[in-house]
Number of protein chains: 4
Amino acid sequence: MVTPVANTRSGRPRDERIDSAVRAATVDLLNEVGYAALTLEAVAVRAGTSKPALRRRWRGRQHLVVDALAATVGTSPTPDTGCTHCDLIAGIQTLTEAFTTKIGRRVLPALVADLADDPELAETFLNRYFHPRRATTAEALRRGIERGDLSPDTDIDLLLDMLASTTYYRVLFGHLPVTEGLAKQVVETILAGVATPHWRNHHH
Amino acid sequence: MVTPVANTRSGRPRDERIDSAVRAATVDLLNEVGYAALTLEAVAVRAGTSKPALRRRWRGRQHLVVDALAATVGTSPTPDTGCTHCDLIAGIQTLTEAFTTKIGRRVLPALVADLADDPELAETFLNRYFHPRRATTAEALRRGIERGDLSPDTDIDLLLDMLASTTYYRVLFGHLPVTEGLAKQVVETILAGVATPHWRNHHH
Amino acid sequence: MVTPVANTRSGRPRDERIDSAVRAATVDLLNEVGYAALTLEAVAVRAGTSKPALRRRWRGRQHLVVDALAATVGTSPTPDTGCTHCDLIAGIQTLTEAFTTKIGRRVLPALVADLADDPELAETFLNRYFHPRRATTAEALRRGIERGDLSPDTDIDLLLDMLASTTYYRVLFGHLPVTEGLAKQVVETILAGVATPHWRNHHH
Amino acid sequence: MVTPVANTRSGRPRDERIDSAVRAATVDLLNEVGYAALTLEAVAVRAGTSKPALRRRWRGRQHLVVDALAATVGTSPTPDTGCTHCDLIAGIQTLTEAFTTKIGRRVLPALVADLADDPELAETFLNRYFHPRRATTAEALRRGIERGDLSPDTDIDLLLDMLASTTYYRVLFGHLPVTEGLAKQVVETILAGVATPHWRNHHH
DNA sequence: CCATAACCGAGACGGTACGTCGCGTCTTGAT
DNA sequence: ATCAAGACGCGACGTACCGTCTCGGTTATGG
């Protein structure tokens, strides 16, 4: 759980309708005003409750947002079709789609930036979002190796990073758009490489 | 210039010693307390001036930080040694080094996250930081193409993103460290690709 | 109470040590810098608290000063010795003495001037300062009437004003000093009048 | 003159239309927003000029107000009809009338309060407003003495203060209205006194 | 008669203080 | 005994205003 205070046992039980109302209010407000302008006060008012009720459940704005998004947005696993590059493209494609929503484009970067200041939040975030998605793509890579499509000494972690990072990079800096074909381009470049036979002969 | 108001003509000229004192104070405080805890008030006090003096020069915290960093940190261009992959590795290496400082690791992610909320800030940032560095690496790629090391139909923009993004990705999520050899790994993966000859024959 | 918001019922109770610390700081600063230069910010710093804490308790500088002075300075009642003019002189004398302090001479005039801009403040001031003092002098006048010293159709309100106003007038305009004998002169003039028997015969 | 800088001799002469425009703007704004909310900036804008133009002519807000009022409001002298108490009543009456205007009721008290902080301003004010009016009433008192209406050992200064101060007192504290008959009441009280023959025999 | 020098009007600046927003905490009453 | 909620203490923000400095333009005087 994310609740800072352990719900020990006795006494008045927590009103769970508040939990869901707050999560809904948080997502609503994120869509309306963004992350930087999200105030706990506004969330409490929108959810029809009070600030301390929020604070008892979440340590702060970041934790609330992580929890609210996790309960709302889902993760799409990388498929297993027998075609290595198709699976990878499909897996990265879902990342691209996640960045078409306002929350993806504007909230996620800010949230991620906050991870650096709070290791506990970072751990929560990684376990809830990052690693699940990453694990399914890692499976696809391992299948590719077994299938003989990918080199057996492939550094899977490195590849996972290279596959996903470009999309994120473009969203963050905004210097180039995240096009529909980007996933395909990235996957094929990583698989095929860009060097000419001339270079390959000279250096490998 | 970053000054929000153009210094048209008449009136009292701006005291430029304040500009430099504030920039220095900003960098100092970024190193001490980080970006999230950076206060305009504290910067003003540290610089021996006042809040309105800052506000006249910079639109907000973000703009001040961009300007202060630009005036302090420099950009290391990608070298030109005649060896394509050596140059690329060296170019990416400087990015890795930039993330070894506290400012690189903790300030830059937060700053970049703020770009999404302010297009004007994003433009300033890109023109001051991003594009200059990127341009020198783009040159290295073009030389590689001319030299016959890289495929002539290489998508340069895509490659530039793929080269730099992995480092940034690891810094942001912190799931894996940014090692010294990362630049080399990334460059060689992109050049050589990870697919086996078996895959290449089947699909290309 | 002077507190703008009624302390209805629930919620965190107010820290009363802040109240007294602020009042003490206010009186100190009034003695040091006067009324015009009295800053809420400086009061907060001196009292070791913050501006919003002050603002929750008092609507503004004026209200704070009224409250701080009322809690510090006391009112000396007009005595009852059986001698009408002696009592009146003694009563007015305390007013003279109040104007020997720096707060009396420099703070009160400015404070009183502010009453015109804020009816609520004026009411508070009158109830706390003005009327209590005035009531005791009114008693002395009524005793003088009963005793047969003063004309039974005396306009008490008018006399109260005439007794006190001269001292105030001299303090305000500073054209003449407030001497020790002033109270006696005023009282005796009002009692005896300045007209000659010649005038009295002609007009009354 | 009120001009802080002596208009020595050569150079560009001062634009006197600005003087009168500023004075008019000052009076206008005093009527609109009062004294406390009067800002030099607003005056400058209203007068179609700039702040330094004002500052060159007047040392501050107070001096500007004193000058603007002096150039606008006039002083009505105490008449000389041969009737002592009639003249005195008429003289005080003009004071009453002065306090029926908004400027009289709201601006004058605040302005007078500022006199305590600036001796030079106080002198200017006394010479322009206070003493001229006072002198004409003093003449009336001297005529009353010569005429045999007033006691020859009358303290003229004391009487002048007692005559005028009550009106001012009521305006300042607002505890009682300044009625039309107030002047008459004050004058007759001072002339006749309020003591009974019983008291007079016992103590004088 | 013109050049010079002084002064004027105006804009922008540096800084103090204000009033406000939001966070995180504490205390009371109700469940 | 624990929860929900209101109020509080405080850090920081963004703004208004003051008093000052500098600039370009205008005007009287001296050569």
Side-chain angles (χ1 to χ4, degrees), chain A residues 5 7-15 18 37-44 48-57 59-61, chain B residues 3 5-18 37-45 48-57 59-61, chain C residues 3 5-18 37-45 47-57 59-61, chain D residues 5 7-15 18 37-42 44-45 47-57 59-61:
Chain A
V5 177
N7 206 342
T8 49
R9 199 123 1 154
S10 74
R12 175 176 173 179
R14 198 162 268 173
D15 186 346
I18 289 184
L38 184 78
T39 66
L40 285 185
E41 204 135 22
V43 172
T49 182
S50 70
K51 246 186 316 175
L54 272 68
R55 191 156 301 283
R56 256 190 299 279
R57 291 167 168 80
R59 191 186 302 271
R61 208 175 45 159
Chain B
T3 53
V5 178
N7 206 341
T8 49
R9 199 93 33 116
S10 79
R12 177 176 175 174
R14 207 159 261 176
D15 186 345
E16 302 197 0
R17 289 168 308 180
I18 290 183
L38 184 76
T39 301
L40 280 187
E41 203 140 21
V43 172
V45 170
T49 182
S50 67
K51 258 185 303 177
L54 268 69
R55 195 158 294 282
R56 234 179 258 108
R57 289 169 168 78
R59 190 186 305 268
R61 210 177 44 160
Chain C
T3 54
V5 177
N7 206 342
T8 49
R9 198 102 24 130
S10 78
R12 177 177 175 175
R14 207 159 260 174
D15 186 345
E16 302 198 1
R17 289 169 308 181
I18 290 183
L38 184 76
T39 301
L40 281 187
E41 203 140 22
V43 173
V45 169
T49 182
S50 67
K51 257 185 305 176
L54 269 69
R55 195 158 295 280
R56 245 193 299 281
R57 289 168 169 78
R59 191 187 302 272
R61 212 176 42 160
Chain D
V5 177
N7 207 342
T8 49
R9 201 126 357 158
S10 75
R12 176 177 175 177
R14 201 161 266 174
D15 186 345
I18 289 184
L38 184 78
T39 65
L40 285 185
E41 204 136 22
V45 169
T49 182
S50 69
K51 248 187 313 175
L54 270 68
R55 193 156 299 282
R56 255 190 298 277
R57 290 168 168 80
R59 191 184 303 268
R61 208 176 45 159

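Atom set for the values below is all heavy atoms of this structure, side chains included, hydrogens, waters and symmetry mates excluded. Here is how names work: the chains are called A, B, and so on, in the same order as the sequence lines, proteins then strands, and each is numbered from 1.
- If you take CZ of C/R12 and P of F/dC10, they are 8 Å apart, rounded to a whole angstrom.
- Between B/T49 and the phosphate of E/dG15, there is a side-chain N or O to OP1/OP2 separation shorter than 4.0 Å.
- C/R55 and C/R59 get closest at one heavy-atom pair: NH1-O, 3.8 Å.
- Of the residues near DNA chain F, C/I18 and B/R61, the one whose nearest nucleotide (by heavy atom distance) lies more toward the 5' end is C/I18.
- In this structure, the nucleotide among E/dG9, F/dC8, E/dC21 sitting nearest to the side chain of C/P52 is E/dC21.
- Note that the CZ atom of C/R56 and the CD1 atom of C/I18 stand 9.0 Å from one another [nearest 0.5 Å].
- For the residue pair D/S50 and D/A44, the shortest heavy atom distance occurs at C-CB, 3.7 Å.
- Atom CZ in D/R55 sits about 14 Å away from atom P in F/dC17, given to the nearest Å.
- The shortest distance between the side-chain N/O atoms of C/T39 and the OP1/OP2 oxygens of E/dA17 is below 4.0 Å.
- Residues C/G60 and A/K51 both approach DNA chain E. Their nearest nucleotides, taken by heavy-atom distance, put C/G60 toward the 5′ side.
- When rounded to the nearest whole Å, the span between CZ of C/R56 and P of F/dA7 equals 11 Å.
- Going from atom CG of A/L40 over to atom P of E/dG24 covers 7 Å, rounded to whole Å.
- Rounded to whole Å, the distance from CZ on C/R59 to P on E/dC18 is 17 Å.
- Remark: P of E/dA12 and CD of B/E16 are 17 Å apart, rounded to the nearest angstrom.
- The side chain of C/A53 sits closest to F/dC10 out of E/dG9, E/dG22, F/dC10.
- With E/dC18, F/dG9, E/dG9 as the candidates, the nucleotide lying closest to the side chain of C/R57 is F/dG9.
- A straight line from CD of A/E41 to P of F/dA5 spans 14 Å, rounded to a whole angstrom.
- C/R61 has its side chain out of reach of C/V43: every pair of non-hydrogen atoms, C-beta onward, lies at least 4.5 Å apart.
- For D/P13, counting side-chain heavy atoms from C-beta on, the closest listed nucleotide (F/dA28, E/dA17, E/dC13) is F/dA28.
- For the pair A/L54 and A/T49, the tightest heavy-atom approach, listed with the atom from each and the gap, is CD1-CG2, 3.7 Å.
- At whole-Å resolution of the value, CG in A/D15 and P in F/dT2 are 18 Å apart.
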